[in-house]
There are 2 protein chains.
Amino acid sequence: MATAMAHEHADARPDLLPTLEDRGYRLTGPRLRIAEHLARRRGSFTAEELAGELPGLGRATVYRTVKLLLDAGVLCKATLPDGAARYSLDGPHHHHHFVCVSCGKVQEFRHPAVERLVRAIRSDVPGELVGHRIELYMNCAECLARGQE
Amino acid sequence: MATAMAHEHADARPDLLPTLEDRGYRLTGPRLRIAEHLARRRGSFTAEELAGELPGLGRATVYRTVKLLLDAGVLCKATLPDGAARYSLDGPHHHHHFVCVSCGKVQEFRHPAVERLVRAIRSDVPGELVGHRIELYMNCAECLARGQE
DNA sequence: CCAGCTAATGATACAACATCTCATCCTTGA
DNA sequence: TCAAGGATGAGATGTTGTATCATTAGCTGG
Ligand SMILES: [Mn+2]
Ligand SMILES: [Mn+2]
Ligand SMILES: [Zn+2]
Ligand SMILES: [Zn+2]
């Protein structure tokens with residue numbers, strides 16, 4: 001990594017089940033399987049891919065659980081330029097995303113100027129800001145290297 | 001409008017057909033109808049809505065033409081938090097979007113700090129930045145006023 | 001530990017959005 | 001004027017996600 005600004009999640013979060021329990025959800029077999037799979041898994045994924053990686057689990061259950069984990073803050077969602085949604089384990093702090101348009105890899109980044117910018121705009125806008133999405137699209141170093149082999 | 005930062009497109013672009021012609025596309029009846037409709041229309045729309053507003057035109061043709069106009073820079077695409085795509089006539093300059101999560105209205109805005117920020121990040125990132133998406137989600141002034149009637 | 005309540009599951013249908021197919025039409029340039 | 005081939009549109013197909021609902025299986029209170 002060139003700077004400390006961006007990072008990938010190297011460590012999976014083992015506290016996925018407690019998070020669900022705290023929210024009053026039942027700890028079921030399917031949710032356990034999904035949690036174990038996510039802890040082992042690397043990189044970003046679509047809900048469809050996740051369902052494919054977990055044969056025996058119903059598609060609807062996988063979609064429901066992804067939404068659950070999104071609400072719980074365990075997963076976060078990045079959107080590709082074409083609108084496709086990719087999920088990845090979420091870091092604990094507010095952040096934004098680098099998304100590789102070639103391999104779909106999602107890296108989180110934080111930059112103080114981003115929030116400063118949003119604050120500056122907020123005071124100028126006739127209405128109520130309720131959220132923002134900032135995604136930077138890139139070809140990651142790995143994809144660049146692979147491309148010019 | 002409270003500031004000069006943001007604006008909606010008040011004036012439609014009459015130069016839609018020449019743009020297509022310059023790109024080597026044929027000037028067909030369906031494209032003419034779509035162009036005239038867009039020149040008259042206000043606000044943002046989905047491809048599906050546009051197709052509904054143009055009975056007699058094939059759905060596939062509308063979708064194809066929207067993509068064409070997107071490539072030509074006549075239309076721009078904003079993405080709602082749920083992933084839905086909304087199109088609107090595009091201004092001539094690079095910009096970003098306010099999107100009202102209540103009524104779907106899209107307002108363009110420019111802010112020098114945005115591009116300054118992207119430049120600052122670009123030099124820090126291990127890879128090649130190929131684009132960015134910055135969308136600010138809001139409840140617009142009209143929706144706020146309507147909500148507390 | 002058990003029974004019962006009810007959340008959760010999953011097969012399936014449904015829905016929205018977008019693209020593909022291909023026979024036909026029509027714009028365009030020679 | 002007349003082919004050549006781009007464009008159209010009805011319909012099929014694909015993708016992503018949600019709704020139904022009968023059945024399963026956590027959880028809790030007794
Ligand atoms: Mn994230
Ligand atoms: Mn725009
Ligand atoms: Zn990559
Ligand atoms: Zn609004």
Side-chain angles (χ1 to χ4, degrees), chain A residues 16-38 44-72 74-88 99 104, chain B residues 16-38 44-72 74-88 99 101 104 106:
Chain A
L16 197 158
L17 280 319
T19 300
L20 285 183
E21 206 165 21
D22 289 348
R23 299 188 134 232
Y25 297 116
R26 293 184 178 176
L27 300 187
T28 66
R31 286 173 182 166
L32 190 76
R33 275 196 65 196
I34 292 173
E36 286 175 347
H37 184 74
L38 287 181
S44 64
F45 52 89
T46 66
E48 207 65 44
E49 286 169 4
L50 196 59
E53 292 161 6
L54 292 164
L57 289 194
R59 223 170 57 94
T61 299
V62 172
Y63 274 84
R64 279 189 289 241
T65 304
V66 164
K67 182 175 286 184
L68 219 65
L69 296 177
L70 204 58
D71 287 346
V74 174
L75 293 181
C76 64
K77 175 161 103 168
T79 305
L80 268 57
D82 68 0
R86 294 198 74 82
Y87 302 92
S88 51
V99 185
Chain B
L16 197 157
L17 280 319
T19 300
L20 285 183
E21 206 165 20
D22 290 349
R23 299 188 134 231
Y25 297 117
R26 293 186 177 172
L27 300 187
T28 66
R31 286 174 182 164
L32 190 76
R33 275 196 64 195
I34 292 172
E36 286 175 348
H37 184 73
L38 287 181
S44 64
F45 51 89
T46 67
E48 205 64 43
E49 286 169 4
L50 195 60
E53 292 161 6
L54 292 164
L57 289 195
R59 233 168 48 93
T61 298
V62 173
Y63 274 85
R64 280 188 289 241
T65 303
V66 164
K67 183 173 286 184
L68 221 63
L69 297 177
L70 203 58
D71 287 348
V74 173
L75 294 181
C76 64
K77 175 163 104 169
T79 304
L80 269 59
D82 68 359
R86 293 198 75 82
Y87 301 92
S88 51
V99 185
V101 295
V106 175

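Both backbone and side-chain heavy atoms feed into the values below; hydrogens, waters and symmetry mates do not. Values in this document were obtained by computation on a predicted structure and should not be read as measured data. Naming: A, B, ... by sequence-line order, numbering from 1 per chain.
Nucleotides of DNA chain C with any atom under 4.0 Å from a heavy atom of chain B span, from 5' to 3', C/dC17 to C/dT28. Nucleotides of DNA chain D with any atom under 4.0 Å from a heavy atom of chain A span, from 5' to 3', D/dT16 to D/dC27.
For the residue pair B/Gly104 and B/Ser44, the shortest heavy atom distance occurs at O-OG, 2.9 Å. When every heavy atom of B/Ala47 is checked against every heavy atom of B/Val62, the shortest pair comes out as O-CG1, 3.9 Å. Listed here is the closest heavy atom pair of A/Leu75 and A/Leu70: O-CD1, 3.4 Å.
One axis for each end of the helix from C/dC1-D/dG30 to C/dA30-D/dT1, each built from five base pairs, and the angle between them comes to 30° at 10° resolution.
Where B/Lys67 and B/Tyr25 each meet DNA chain C at their nearest nucleotide, the meeting point lying more 5' is that of B/Lys67. Both B/Gly24 and A/Arg64 lie close to DNA chain D; mapped to their nearest nucleotides by heavy-atom distance, the more 5′-ward contact belongs to B/Gly24. Comparing B/Thr28 and B/Tyr87, the nucleotide of DNA chain C nearest to each residue sits closer to the 5' end for B/Tyr87.
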Listing, residues 20-27 of chain B side-chain donor-acceptor contacts under 3.5 Å, not counting sequence neighbours, or none:
residue: B/Arg23; atom: NH2; partner: B/Asp71; partner atom: O; Å: 3.3

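At least one side-chain heavy atom of A/Val66 sits under 4.5 Å from a side-chain heavy atom of A/Tyr87.
Atom CG in B/Leu38 sits 5.0 Å away from atom CZ in B/Phe45 (nearest 0.5 Å). One finds the OG1 atom of B/Thr65 at 5.5 Å from the CZ atom of B/Arg31 (value rounded to the nearest 0.5 Å).
Every side chain to side chain contact (heavy atoms under 4.5 Å, CB included) that B/Ala84 has, sequence neighbours left out, goes to B/Leu80, B/Asp82. Taking the side-chain hydrogen bond (donor to acceptor under 3.5 Å, both in side chains) definition, one finds that B/Thr61 meets it with nothing, sequence neighbours left out. In this structure, B/Thr28 has no side-chain hydrogen bond (donor to acceptor under 3.5 Å, both in side chains) partners at least two apart in sequence or on a different chain. Qualifying side chain to side chain contact (heavy atoms under 4.5 Å, CB included) partners for B/Ala78, counting only residues two or more places apart in sequence or in other chains: B/His97, B/Val99, B/Val106, B/Glu135. With sequence neighbours excluded, no residue forms a side-chain hydrogen bond (donor to acceptor under 3.5 Å, both in side chains) with B/Glu36.
The list of salt bridge (charged side-chain N to carboxylate O under 4.0 Å, His left out) pairs with a residue in residues 44-62 of chain A, not counting sequence neighbours, reads A/Arg41-A/Glu53, A/Glu48-A/Arg59, A/Glu49-A/Arg86.
A heavy atom closer than 4.0 Å to some atom of DNA chain C occurs in B/Arg59, B/Ala60, B/Tyr63, these being the qualifying members of residues 52-63 of chain B.
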